[in-house]
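Labels below follow one simple rule: chain letters A, B, ... track the order of the sequence lines, proteins then strands, and each chain is numbered from 1. All figures in this text were calculated on a predicted structure; none of them were measured in a lab.
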Number of protein chains: 2
Amino acid sequence: MATLRDVAARAGVGIATVSRALNGTGPVSEAVRRRVEEAAAAVGYVPNGVARGLVTGVTRTFALILPDITNPYFPSLARAVEDAARVRGYAVVLGNSDNDPDQEAAYVRLFRERGVDGMIIASSRDASALARVTGPVPVVLIDRRVPHWDVDCVVTDNRRGIADAVQHLAGLGHRRLVHLGGPEGVESASTRAQAFMDACRELGVEVVDLTRGPFTAESGYERGRRLLKSRRRFTAVVAANDLIACGFLQAAFEAGRAVPGDVSVTGFDDVLVARLANPPLTTVRQPTYRAGQLAVERLAARLDRPGEPVRVDVLKPELVVRSSSGPAR
Amino acid sequence: MATLRDVAARAGVGIATVSRALNGTGPVSEAVRRRVEEAAAAVGYVPNGVARGLVTGVTRTFALILPDITNPYFPSLARAVEDAARVRGYAVVLGNSDNDPDQEAAYVRLFRERGVDGMIIASSRDASALARVTGPVPVVLIDRRVPHWDVDCVVTDNRRGIADAVQHLAGLGHRRLVHLGGPEGVESASTRAQAFMDACRELGVEVVDLTRGPFTAESGYERGRRLLKSRRRFTAVVAANDLIACGFLQAAFEAGRAVPGDVSVTGFDDVLVARLANPPLTTVRQPTYRAGQLAVERLAARLDRPGEPVRVDVLKPELVVRSSSGPAR
DNA sequence: TATAGGAGTGAAAACGTTTCCACTGAGATC
DNA sequence: GATCTCAGTGGAAACGTTTTCACTCCTATA
């Protein structure tokens, strides 16, 4: 590979001058700049980012650690992060933690060795151990807060979102509700479950059942089947995300229960399947793309101005009413 | 940050010895090894991968360039690549090309500067220009071949997949078929469209319509609406992917056409929505995860043994029959 | 006419590793 | 007893940049 030296030799100037000419840092005469550029093109010079990184201490790379890119909520987050990073000249390395704190920590270590400039983490479990392994590299938490860890954070208002869903159902006359919750130990799932209880109490609505389980369609299907078999009476279910809701939809379909005729269903996230489901899912839309953008903005800001106070951004969700919810009968 | 020098000073040995002790390269006495390890722990030493990369010329990083991580086919690919890369000690940087050859080339340049050891690319358009910008860094193509570029490649047998779908429908008595194709200029989409024509001719089935468009549900919905309004007679549609198929499903539902009663539908890929759709989609399953794994294996192999001849892996798809296809009436 | 200042340039240090080479001492071989 | 080998070790070079510093001209100012 051609290096600065090669370019310098060919252009008949010093290596420092080449660096200045190519990067536009420091003064270089017009004639020399042209000569350098020609020489660079001629030898096919490609700057060596590794060497640059060594001297500047900066790699222009962010790490993004997610539970599982395969869960349809996260691709749009990843996409947003990637887009926002790129316009700022950053590359993004990806890690899937599978909600396993050990794997998460392993990734943090790996990326730290790689010298990433910052990390965006949708953290698993309580992860208080993370702070130790993270060291001095800036972190912004996304989608899930980590209790007692004082770092930048962008989340959506889960309480509000669930409250909107419950209120919507209550307004339709539903008085006996079920919550199909997300996994134990995941902050957003716990917050949603708690918010469900609180909203029901406040509105005088009965909580017929509340279970916790993975954020998958299988989980929703399984729990739905069991629930529908159990003969417990309820007229609506609030799922902790769209996948669980879709799984329930399937179970209801198989059990011959009409949605929303017999039972109303709401989801959370508004991922693609929510729109494509039959019936299309009433759900709480998260500003996912915005969240990803914002996380990158925060991270970039923190790199520019390390002293700034920690910021927590809470994004407003939005209830989108489709056909999976209707009047209680 | 603590460096090798700090560790060496604390352990009272030379810097070279520390490097050997920590990496297990070269002989080190048991006593010294212990002292070094203690010292490293004490000062919180983290190896600097950037410096290492500069001297070894290796970053242990792969690039993965996809059209759009938001398209549900790609997350499982990304996941597979990431998993396989990690067990080999590689990190993965991600790029979304949006099927834009310029963006794709920009990413290739960016990642080359970053010094990735290899790239896995689901290439956009014909991309013959890619070979030039890619330089000496090893590439394996995934999901889509690019004509006249002699590099490693792992794809699935699109011809076979489409042929299976057409044959399935023909076996159910369908004689008037429609193809909702993928975007012009994307190799896999073109191959599928061509395979559709060929299979129909071979089986004596009439091609009522064949359109090309983006791999999205919107595209399937729009084209479906137009088609259903047009009063052209057909009894089954073969979509180029599941998203298009789901879009068509919606259009059919709105138009009051029963699936599969009035019209049968098949998809391609077998992504999550295919299973969750109503009715569940008959589709051609791609061994997506396997493809991602294989791509990493190829790349790793090429790095180990640069001289090896180019390999093209063609994976077998599998028709999975669900409820969106039934006998022609 | 002296002088201050700035544009333009190159040599060299620095970043933190890996690795080559040289050296020491101890045990093995003749 | 002389020589050889090899484990164990440290010094120093090298990787390809950026950046500091010093130097040379040249122009503007007094």
Quiz item: Does B:Ser19 put a side-chain nitrogen or oxygen below 4.0 Å from OP1 or OP2 of C:dT19?
Solution: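 For C:dT19, OP1/OP2 do not have a side-chain N/O of B:Ser19 under 4.0 Å.
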
Practice problem: Return no unless some side-chain N or O of A:Thr17 is found under 4.0 Å from OP1 or OP2 of C:dG10. | Solution: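 Indeed, a polar side-chain atom of A:Thr17 lies that close.
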
Quiz item: Looking for any heavy atom pair under 4.0 Å, which part of the strands does B:Val50 touch: base, sugar-phosphate only, or nothing?
Solution: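 No contact.
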
Exercise. Could you check whether A:Thr3 gets within reach of a base, just the sugar-phosphate, or nothing at all, counting any heavy atom under 4.0 Å?
Key: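 A:Thr3: backbone/sugar contact only, no base atoms under 4.0 Å.
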
Quiz prompt | Carboxylate-amine/guanidinium contact B:Arg290 B:Glu297, below 4.0 Å | solution =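 A salt bridge is present here (some side-chain N lies under 4.0 Å from a carboxylate O).
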
Practice problem: Taking all heavy atoms of A:Pro101 and all of A:Asn99, pick out the closest pair and write down the distance. | Solution: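 Scanning both residues completely, I find the closest heavy atoms to be CD-O, 3.5 Å.
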
N/O donor-acceptor pairs under 3.5 Å from side chains in residues 61-78 of chain A, not counting sequence neighbours:
| from | atom 1 | to | atom 2 | distance (Å) |
| --- | --- | --- | --- | --- |
| A:Thr61 | OG1 | A:Thr59 | O | 3.1 |
| A:Asp68 | OD1 | A:Thr70 | N | 2.9 |
| A:Asp68 | OD1 | B:Arg79 | NH1 | 2.9 |
| A:Asn71 | OD1 | A:Tyr73 | N | 3.1 |
| A:Tyr73 | OH | A:Asp143 | OD1 | 3.3 |
| A:Ser76 | OG | A:Tyr73 | O | 3.3 |

Return all side-chain donor-acceptor pairs below 3.5 angstrom for residues 40-58 of chain B, not counting sequence neighbours, or 'none' if the list is empty.
| from | atom 1 | to | atom 2 | distance (Å) |
| --- | --- | --- | --- | --- |
| B:Asn48 | OD1 | B:Val50 | N | 2.8 |
| B:Asn48 | OD1 | B:Ala51 | N | 3.0 |
| B:Thr56 | OG1 | B:Arg52 | O | 2.8 |
| B:Thr56 | OG1 | B:Val58 | N | 3.4 |
| B:Thr56 | OG1 | B:Val58 | O | 3.4 |

Practice problem: Quick one: list whatever passes side-chain hydrogen bond (donor to acceptor under 3.5 Å, both in side chains) with A:Glu184, sequence neighbours left out. | Solution: A:Arg212

Quiz item: What residues in residues 4-13 of chain B put a non-hydrogen atom under 4.0 Å from any atom of DNA chain C?
Solution: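 The stretch gives B:Leu4 as the residues lying under 4.0 Å from the strand, ordered by number.
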
Quiz prompt | Of B:Val18 and B:Thr56, the one whose closest DNA chain D nucleotide lies more 5' | solution =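 Looking at DNA chain D, the more 5' nearest nucleotide goes with B:Val18.
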
Quick one: does [X]'s side chain get under 4.5 Å of [Y]'s, heavy atoms only?
X	Y	result
A:Arg145	A:Val312	yes
B:Leu22	B:Val36	yes
A:Pro138	A:Leu303	yes

Quiz item: To the nearest Å, how far apart are A:Ile15 CD1 and C:dA12 P?
Solution: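 A:Ile15 atom CD1 is separated from C:dA12 atom P by 12 Å.
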
Self-check item: Rounded interatomic separation in angstrom, taking CG from B:Asn23 and C1' from C:dT17
Solution: 9 Å

Exercise. For DNA chain D, note the earliest and the latest nucleotide, 5' to 3', having some atom under 4.0 Å of a heavy atom belonging to chain A.
Key: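 Nucleotide range with atoms under 4.0 Å of chain A: D:dG16 to D:dT20.
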
Quiz item: Can you tell which of C:dT18, C:dT9, C:dT17 lies closest to the side chain of A:Arg20?
Solution: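 My answer, after comparing the listed nucleotides, is C:dT9.
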
Exercise. Go through the structure and list residues passing ring pair (Phe, Tyr, Trp, His ring centres under 6.0 Å) with B:Tyr107, not counting sequence neighbours.
Key: B:Phe111

